[in-house]
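For reference, the structure discussed in these notes is given below.
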There are 2 protein chains.
Amino acid sequence: MRTFVSVADTGQFQHTAAEMAITQQAVSKRIAKLEGDLGVRLFTRTARGTQLTIDGQVFLPHARELLRAEQRAVDSVRPGRRPLRIDVINRRTAPAALLRDFHRGYPDLQLDVLVLDDSGVDVAIAAVRSGSIDASFRAVTIPARRLPDDIKVMRVVDEPHQLLTGPAHKLATAPAVTPADLVGHRIWIPGILPGTEWATYYNDLAAEFGLAIDPIGPNFGTEHLLDVLADSATLASLVGEQTRLLWPTHYDLRRIPLYDPTPVYPHSLIWHRDNSHPALATLHHHLASIRPRRFDTGIWMPAWATRQA
Amino acid sequence: MRTFVSVADTGQFQHTAAEMAITQQAVSKRIAKLEGDLGVRLFTRTARGTQLTIDGQVFLPHARELLRAEQRAVDSVRPGRRPLRIDVINRRTAPAALLRDFHRGYPDLQLDVLVLDDSGVDVAIAAVRSGSIDASFRAVTIPARRLPDDIKVMRVVDEPHQLLTGPAHKLATAPAVTPADLVGHRIWIPGILPGTEWATYYNDLAAEFGLAIDPIGPNFGTEHLLDVLADSATLASLVGEQTRLLWPTHYDLRRIPLYDPTPVYPHSLIWHRDNSHPALATLHHHLASIRPRRFDTGIWMPAWATRQA
DNA sequence: TAGTCGCACAACCCGTTGTTGTGGCTCGCC
DNA sequence: GGCGAGCCACAACAACGGGTTGTGCGACTA
């Protein structure tokens, strides 16, 4: 592929051969093989070089893109100067949106967002300490005094929860509901694994208000959840206000605000004191520049979250 | 790469080996080589399979993207069902913008836009007839009666021209100018090759109003043109109203409307009568749905363009 | 018409990558 | 705790792909 691009650029097999430190015949073979595999002619051979066919002209940008993709792939794991690596709890909640904003603001910064699956905040902290990731958006369930010295934490955004129901649900027409209204209703939040801070949060929430939250159902994916909710009169779910969910329009799901109090989920950024990745500083700058919605009254969050300020 | 993705998905070397019809040892070697080349461990080997390391988790989406890019590259030249292939005269004028709109409207349609360089409308017509491209946006300088029967032409958009000057130019502060005002000024439009319909258009324009248009200067790229214009008191250029040009903000170039009459450039779509590419029909539908700006009075265009209606 | 330039074909050779065979490790079961 | 099952790694060997050298052919030029 690289050979093809080079020949397209130089217009001559010989130049490419010199450039790549191989013989002209080897270049000829490579191009012939590529043409054979694709089943089309890429160059017209003339007496003083080569010229791209129309197929070749169409193929060229794709070939370049392929090489760029390869470069990005290699760079993503290159020890030393690799892209900033940030873990999020999933790709739909507020921190993911935050990172999309960040990327929009600094499109030149290389960013790798990953989901460290099946892991709690302790795993994220370990990953940050080991240097394998640069930062993590998490709810920090651990008291500040028990955090390692080299780990820094900053509260970034509080995400209010809403009730998610299908049209047939008894609460579907309510303009807003309180946690007390949810007593006796089944709340289903599948895909939350025990040991993660999600589970801690919802367990605490359930205990506080006497709710029947079922966080450990089998997880067949978000589509399945929405599928079930759309048809159910008894089942509802809780979602963050900024959480993006896409469902077929005929599903007619509703998001109903919660109040008195509003449960909010506390997202923090975790990073290592000594991490000198330049993009990390930029991220801090960006997070400081946006004014996060913070709530003081009328909300609920677990005791471990309020203690953090 | 494919092997890596497969192992990441299945979690076992053996499954991948069966899937790819090779032995487990071969898979092991491939992964070991990839890890060696990258310089990082991608999997942690356990007694009952493998698990992605954090590096592996980061690398995985890049690997998938690489495979997708390869697929697109191969598809782009696959005889038979390949993406719709459309030629434009360059990537900045109105037809290019039109195609961006089209792509926004139908993001699932695969589209390959190319610039058949150094070629006039006759080359485009030949390419359309041979089937190597599906359509071309061109100014058709050939009388309708001399077009082959199997070639269809539709006038798509008329693009008014504007004067482009630097801040020091004598006409820079004029709110609008007429072609007559340009007599005696040097107009520079580099990169227009003789034989193309661009050259025909500007020659006709120069002849009509007695202008000193210099279309055949050496072409060092758009940046160079803007560079020179920014500092010149005597040189100006002509650009289409919808033509996208990006210049450094401190350049302070100006686009000045032309009137009495406004020279407009006629873009037509050329395609083959028998071309049954489904996306071509969609393109027609899209072009019909947008209401193109067409001008009747106060404009100028070459005789060969007015005759087409 | 001879010379030069540029790509293609043929023969050969070597290194990469596949295969077979085997060993070591971990986990679960009796 | 011993043993078998499952899974990956290492070693030796074989086959193929892709490189090299040598040569030929067609087109443009003097």
Side-chain angles (χ1 to χ4, degrees), chain A residues 1-57 59-60 63 66-67 70 73-74 77 117-118 123 195, chain B residues 1-57 59-60 63 66-67 70 73-74 77 117-118 123 195:
Chain A
M1 203 62 94
R2 218 177 299 281
T3 311
F4 165 72
V5 171
S6 171
V7 172
D9 286 340
T10 64
Q12 287 195 180
F13 284 26
Q14 319 227 54
H15 284 200
T16 295
E19 198 175 294
M20 308 186 82
I22 55 176
T23 62
Q24 167 264 314
Q25 289 86 336
V27 175
S28 179
K29 266 195 188 180
R30 286 186 182 180
I31 300 299
K33 175 148 182 7
L34 181 60
E35 288 180 330
D37 290 346
L38 292 173
V40 296
R41 213 117 230 277
L42 295 172
F43 294 103
T44 55
R45 280 76 164 168
T46 74
R48 54 163 149 260
T50 62
Q51 211 181 347
L52 283 170
T53 62
I54 290 181
D55 280 318
Q57 291 180 45
F59 189 69
L60 180 57
L66 194 63
L67 296 181
E70 187 220 8
V74 171
V77 294
D117 36 49
D118 309 359
V123 173
Chain B
M1 204 60 96
R2 218 177 299 282
T3 310
F4 165 73
V5 171
S6 172
V7 172
D9 286 341
T10 64
Q12 289 193 177
F13 283 26
Q14 319 227 58
H15 284 201
T16 296
E19 198 174 294
M20 307 186 82
I22 55 175
T23 60
Q24 166 265 313
Q25 289 86 336
V27 175
S28 178
K29 268 195 186 178
R30 286 186 182 179
I31 299 299
K33 175 146 183 11
L34 181 60
E35 288 179 330
D37 290 346
L38 292 173
V40 297
R41 213 116 230 275
L42 295 172
F43 294 103
T44 55
R45 280 75 162 170
T46 73
R48 52 161 152 259
T50 62
Q51 211 180 348
L52 282 170
T53 63
I54 290 181
D55 280 318
Q57 290 179 44
F59 189 69
L60 180 57
L66 193 63
L67 295 182
E70 187 221 6
V74 171
V77 295
D117 35 51
D118 309 358
V123 173

Requested in this report: Check the pair A:V27 / A:T23 against side chain to side chain contact (heavy atoms under 4.5 Å, CB included), numbers first and verdict last.
Outcome: CA-CA 7 Å; A:V27 175; A:T23 62; over 6 Å; no
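- Contact check, A:Q24 against C:dC7: no side-chain N or O comes under 4.0 Å of OP1 or OP2.
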Query raised in the report: Using a cut-off of 4.0 Å between protein heavy atoms and nucleotide atoms, how would you tag nucleotides 25-30 of chain D 5' to 3' with B, S and -?
Result: --SSS-
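- With rounding to whole Å, A:I31 atom CD1 is found 17 Å from C:dC9 atom C1'.
- No hydrogens or angles were tested; on distance alone, a donor-acceptor pair under 3.5 Å links the side chain of A:K29 to the base of D:dG19.
- Note on ring orientation: taking the six-membered ring where Trp is involved, the planes of A:F4 and A:F43 are tilted (angle from 30° to 60°).
- Judged purely by distance below 3.5 Å, without hydrogens or angles, the side chains of A:T3 and A:R30 pair a donor atom with an acceptor atom.
- The distance between atom CD1 of B:I22 and atom P of D:dC16, rounded to the nearest whole Å, is 16 Å.
- Remark: B:T23 is in phosphate contact with C:dT19, judged by side-chain N or O atoms under 4.0 Å from OP1 or OP2.
- Checking D:dT20, C:dC7, D:dA9 against the side-chain heavy atoms of B:R45 singles out D:dA9 as nearest.
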Using nucleotides 3-5 of chain D, report all nitrogen or oxygen pairs with the protein that are shorter than 3.5 Å.
none

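- Residue A:S28 places at least one side-chain N or O closer than 4.0 Å to OP1 or OP2 of C:dA8.
- Between B:R45 and B:E35, at least one side-chain nitrogen of the basic residue sits less than 4.0 Å from a carboxylate oxygen of the acidic one, meeting the salt-bridge criterion.
- Mapping A:Q25 and B:H15 onto DNA chain D by nearest heavy atom places B:H15 closer to the 5' end of the strand.
- An end-to-end axis angle of 20° holds for the helix from C:dT1-D:dA30 to C:dC30-D:dG1, taken from five base pairs per end and rounded to 10°.
- Between A:G49 and A:Q12, the closest heavy-atom pair is CA-CG, 4.2 Å.
- Here the straight-line distance linking atom CG of B:L42 with atom CG of B:L60 works out to 10.0 Å at 0.5 Å rounding.
- A salt bridge between A:R2 and A:E70 is present, with a side-chain N of the basic residue lying under 4.0 Å from a carboxylate O of the acidic one.
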